[in-house]
There are 2 protein chains.
Amino acid sequence: MRNKEATYGLIVETAYKLFAENGFDKTSLAMIAKEVGISKPAIYYYFDSKEKLIDFLFEEICKEIIKQYTLTVDDLTVNNFEQFLLNIGFQMIEEQERDVYFNKIFNEYILLATRKEKYMNQLNKIQRGYFENFSRLMNHGVKIGVVNGENVESKSNMLVMVIDNIGNFILTGLELDYKGIWEEAVKSVLKGVRNG
Amino acid sequence: MRNKEATYGLIVETAYKLFAENGFDKTSLAMIAKEVGISKPAIYYYFDSKEKLIDFLFEEICKEIIKQYTLTVDDLTVNNFEQFLLNIGFQMIEEQERDVYFNKIFNEYILLATRKEKYMNQLNKIQRGYFENFSRLMNHGVKIGVVNGENVESKSNMLVMVIDNIGNFILTGLELDYKGIWEEAVKSVLKGVRNG
DNA sequence: GTCTATAGTCTGATAGAC
DNA sequence: GTCTATCAGACTATAGAC
C-alpha cells in the first residue's frame with residue numbers, strides 16, 4: 001500500500017515512459033495500471049480520462065522545456081561567446097543521446113498538435129520562445145562584435161533549425177558527427193573564423 | 001461498379017489522405033471504406049491486413065522520395081552552382097507548403113520506424129541516400145572552387161539538417177522567412193560571399 | 001469483387017463494495 | 001484509495017452468400 005502522492009507520481013512516470021515507447025494510441029490504461037501495480041479504475045481516481053493524463057504530461061514537458069532553454073546572455077564577451085554557443089549544442093546532443101524517451105514523446109506531441117489546436121497553441125509558444133532566445137543571443141553577439149549584423153534573424157533561425165533537427169536524426173539511429181555539424185553551423189555565423 | 005484497378009487506386013489514395021490527416025491508429029478501415037464507397041471487407045480483397053496497407057504506402061512513398069532527390073551534379077559551374085543550391089531549397093519549401101499530406105504521413109512513419117525495425121531500415125536507407133546526394137553536390141562544389149574544402153562533410157550535413165527541418169516547422173504553422181533561412185545556410189558554405 | 005453478418009478482442013469509462 | 005465486475009462501443013478480421 002502506497003500513499004497518494006507516490007501512486008500519482010508512479011502513474012505519471014509510467015505513462016511518460018510507455019507513451020514514449022509505444023505512442024499514445026498503442027498504450028492502454030490497462031498497460032499503465034499493470035506496470036504501476038494497480039487496477040485500471042484506480043487511474044481514474046487521479047485523472048478524469050486518458051486525454052487528461054496526456055494533457056497533463058504535455059504541460060509538464062512544456063514547463064520543463066521552458067525552464068531549460070532560458071539563457072542568460074548578458075555576461076558573454078568576445079572571449080567566451082563562441083564556446084558558449086558551442087556548449088549549448090554539445091549539451092543538447094549529449095542530453096538527446098542520454099534520454100531516449102523525451103524526444104520520442106515530444107515528437108508524438110508534435111504530431112498530435114498538427115491535429116488538435118490546443119496542443120498546437122502551446123507548441124507554438126514554446127517554439128517562439130526558443131527562436132526568441134537564440135535571437136537575443138545572436139543580437140548580443142552582434143553588439144559585442146563577434147557576429148555579423150547582416151540577416152541576424154535568419155542566421156539565428158538557421159542555428160535553431162540545425163540543433164533542433166540533430167535530435168530528430170539521433171532518434172532514427174543515424175550516426176553522424178553531430179558535434180562537427182554543430183561546430184560548422186556555429187562557425188558559419190561568427191566573424192573572423194570564416195571560410196574562403 | 002468500378003473495375004479492379006480503379007478501386008485499388010482509390011483505396012490507396014484515400015488511405016494516404018486519411019492516414020495523414022488522422023494518423024494510422026485513429027484511421028479505421030471502416031473510415032477508408034466509407035470514403036471510398038465500398039464496404040470494409042472489400043478492402044481485404046486488396047490488402048491482407050491494415051498493416052500490409054500501411055507497409056505498401058510506405059514503400060510507395062519511399063520510391064517517390066528516392067526518385068525526387070536524385071540530383072545531376074556534373075553540369076554545375078561556378079556561375080550556376082549557387083543558384084542551383086538555392087533552388088533545391090526553394091522548391092522543397094514550395095512543395096511543403098503545397099502538399100500538406102506528405103509531411104504529416106512521413107512524420108507518422110518516422111515515429112513508426114523508431115518502434116519497428118523494418119521501417120527503420122528503409123528510412124535509414126533513404127536518409128543515407130539523401131546525405132550522400134548532398135555530399136556529392138558539395139564535393140563537386142569544392143572541385144570547381146565555389147565551396148571551401150574544410151569539413152565538407154559537416155557542411156553538407158548541416159545543409160540537410162536545415163532543409164529537412166524547414167518542412168517540420170512549416171507543418172507546425174510557424175511562419176518564418178524560410179527562404180531567407182535557406183539563403184543564409186547556402187551562403188555560409190560558399191566561398192567569397194562571406195560575412196565579416 | 002463486393003456484400004451482409006458476425007466472431008472475437010480490446011478499449012475507455014462507470015457503478016458500487018470495502 | 002483501491003478494488004471487482006461490468007458496460008457500451010470500436011476495432012481488425014473472417015465466413016459465406018451473390
Side-chain angles (χ1 to χ4, degrees), chain A residues 1-60 105 108-109 111-113 115-116 118-119, chain B residues 1-60 104-105 108-109 111-112 115-116 118-119:
Chain A
M1 195 71 94
R2 250 175 258 112
N3 65 9
K4 189 173 168 176
E5 283 76 24
T7 307
Y8 183 77
L10 257 181
I11 292 172
V12 172
E13 253 179 68
T14 309
Y16 177 83
K17 195 187 103 185
L18 291 180
F19 283 150
E21 277 174 345
N22 317 313
F24 298 126
D25 292 317
K26 290 228 149 43
T27 304
S28 68
L29 294 180
M31 288 164 70
I32 298 172
K34 194 184 172 187
E35 183 130 339
V36 172
I38 56 176
S39 71
K40 191 167 62 169
I43 296 179
Y44 283 91
Y45 175 78
Y46 297 95
F47 295 95
D48 288 346
S49 66
K50 187 182 181 182
E51 198 185 342
K52 286 273 170 65
L53 174 55
I54 293 173
D55 290 3
F56 174 79
L57 274 175
F58 187 49
E59 274 163 38
E60 289 295 296
I105 202 169
E108 202 74 42
Y109 277 113
L111 268 173
L112 207 59
R115 286 156 192 151
K116 290 197 177 178
K118 68 171 170 178
Y119 296 105
Chain B
M1 196 71 95
R2 246 174 263 115
N3 65 11
K4 188 173 169 177
E5 284 76 23
T7 306
Y8 182 77
L10 257 182
I11 292 172
V12 172
E13 253 179 68
T14 309
Y16 178 83
K17 197 188 102 185
L18 290 180
F19 283 150
E21 277 175 345
N22 317 313
F24 299 125
D25 294 316
K26 290 230 149 42
T27 303
S28 68
L29 294 179
M31 289 164 69
I32 297 171
K34 195 183 172 188
E35 183 130 339
V36 172
I38 57 176
S39 72
K40 192 167 57 172
I43 296 180
Y44 283 92
Y45 176 78
Y46 297 95
F47 295 95
D48 288 347
S49 66
K50 187 181 180 181
E51 197 184 344
K52 285 273 170 66
L53 174 54
I54 293 174
D55 289 3
F56 174 79
L57 274 175
F58 187 48
E59 274 164 37
E60 289 297 295
K104 272 195 194 184
I105 201 169
E108 203 74 44
Y109 278 114
L111 267 174
L112 208 58
R115 285 156 193 151
K116 289 195 177 179
K118 67 172 170 178
Y119 296 105

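Everything quoted here is computed from the prediction, not taken from an experiment. Below, chain A is the first sequence line, B the second, and so on; all start at residue 1.
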Separation of atom CD in A/E51 from atom P in C/dT11, rounded to whole Å: 18 Å
Candidate nucleotides D/dT2, D/dA13, D/dC3, ranked by approach to the side chain of A/S39 - the nearest: D/dC3
Short side-chain N/O contact from B/Y45 to OP1 or OP2 of C/dT2, under 4.0 Å: no
Parallel, tilted or perpendicular, as decided by the 30° and 60° cut-offs, for the rings of A/F19 and A/F24: perpendicular
Spacing of B/K52 atom NZ relative to D/dA13 atom C1', expressed in whole Å: 13 Å
For atom NZ of A/K34 and atom C1' of D/dC3, their distance in whole Å: 18 Å
Distance in angstrom units between A/I43 CD1 and C/dG12 P, rounded: 9 Å
Check: A/T27 main-chain N/O paired with A/K50 side-chain donor or acceptor under 3.5 Å: yes
Ring centroid separation B/Y16 to B/F56 under 6.0 Å: no
Selection from C/dA13, D/dT2, C/dT2 that lies nearest to any side-chain heavy atom of B/A42: C/dT2
Residues, nucleotides or ligands: over 12 heavy atoms within 6.0 Å of B/K34 NZ: no
B/T7 side-chain N/O to C/dG1 phosphate OP1/OP2 under 4.0 Å: no
Rounded distance in Å - OH (B/Y44) to C1' (C/dA5): 15 Å
Atom pair distance, as rounded to whole Å: CD in B/E5 and C1' in C/dG1: 12 Å
Name of the residue among A/Y46, A/F47, A/Y44 meeting side chain to side chain contact (heavy atoms under 4.5 Å, CB included) with A/L53: A/F47
Check: B/F58 main-chain N/O paired with B/Y109 side-chain donor or acceptor under 3.5 Å: yes
Restricting both atoms to N or O, compile the protein contacts to nucleotides 16-18 of chain D shorter than 3.5 Å, with distance only.
none

More than 12 heavy atoms from other groups under 6.0 Å of NZ on A/K118: yes
Distance, rounded to the nearest Å, where A/Y46 contributes OH and C/dA13 contributes P: 18 Å
Nearest-nucleotide pick for A/S49, side chain only, options being C/dA13, D/dA13, C/dC3: C/dA13
Restricting both atoms to N or O, compile the protein contacts to nucleotides 9-11 of chain D shorter than 3.5 Å, with distance only.
from   : atom 1 : to    : atom 2 : distance (Å)
D/dC11 : OP1    : B/S28 : OG     : 3.3

Heavy-atom side-chain contact between B/L10 and B/I38 under 4.5 Å: no
With sequence neighbours excluded, residues passing salt bridge (charged side-chain N to carboxylate O under 4.0 Å, His left out) with B/E13: none
